[in-house]
Amino acid sequence: MTPVTRLVLAVTSVFWALPALADECDISISANDAMQFDTKELSVPASCQQVTLTLKHTGQLPAGVMGHNWVLTKTADMSAVATDGISAGADNAFIKPDDARVIAATDVIGGGASTSVTFDTSALKKGEDYSFFCSFPGHWAIMQGKLQLT
Ligand SMILES: [Cu+2]
């Protein structure tokens with residue numbers, strides 16, 4: 001194999017690998033007017049440097065009534081972050097400003113909208129217990145699930 005052939009093959013395989021990697025690094029979740037996420041478990045491949053989570057609100061109620069966001073913390077931090085988020089209020093999208101316990105969070109959206117957030121997987125450790133939840137007042141106790149780095 002000539003060096004040029006080897007280079008062409010290497011470039012080609014990178015080109016082919018990109019779409020597959022992009023897909024597994026894009027995760028999604030939806031939420032509805034019944035105050036529910038459509039999944040209780042998300043996994044993030046450690047092979048992704050960054051992950052983009054897209055949240056879709058499949059309901060019809062406005063954000064002021066049935067707003068949803070997606071917030072990621074260590075499970076141990078979840079209830080405190082949610083409680084501080086309620087105090088922070090709608091102006092802060094129900095997250096305490098500069099809350100270092102928040103690994104990633106989307107905007108609060110209403111029915112028919114979608115939003116996304118991109119975060120580095122270097123913020124996550126294998127074996128650590130992470131939870132995601134909606135910090136809209138009254139929602140976190142029901143709207144929550146686990147996220148795992150795999
Ligand atoms: Cu919600």
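Both ligands and their constituent atoms are indexed starting at 1 by order of listing. Note: hydrogens, waters and symmetry copies are ignored here, and every other heavy atom, side chains too, is used.
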*Shortest non-hydrogen contact from Ile109 toward His57*: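 The pair with the smallest heavy-atom distance is O-CD2, 3.3 Å.
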*Does the side chain of Gln60 reach to within under 4.5 Å of the side chain of Asp33, using non-hydrogen atoms?*
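Counting from C-beta outward, Gln60 and Asp33 do come under 4.5 Å.
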*In terms of side-chain heavy atoms, does Ser131 have a donor or acceptor partner in Thr75 at a distance below 3.5 Å?*
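Present: a donor and an acceptor within the cut-off.
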*On the 0 to 90° scale, with breaks at 30° and 60°, tag the His139-His68 ring pair as parallel, tilted or perpendicular.*
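Correct class here is tilted.
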*Say whether, by atom type as modelled, one donor and one acceptor occur between the side chain of Ser135 and the main chain of Phe94 under 3.5 angstrom.*
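Yes; judged by distance alone, with no hydrogens or angles, the pair exists.
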*Go through the steps to decide whether Met143 and Met35 satisfy the test side-chain contact (heavy atoms from CB on, under 4.5 Å), and finish with yes or no.*
CA-CA 7 Å; Met143 297 184 71; Met35 212 195 288; 3.8 Å; yes
*Report, as a single number, the protein N, O or S atoms less than 2.8 Å from the Cu ion (ligand 1).*
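My tally for this metal is 3.
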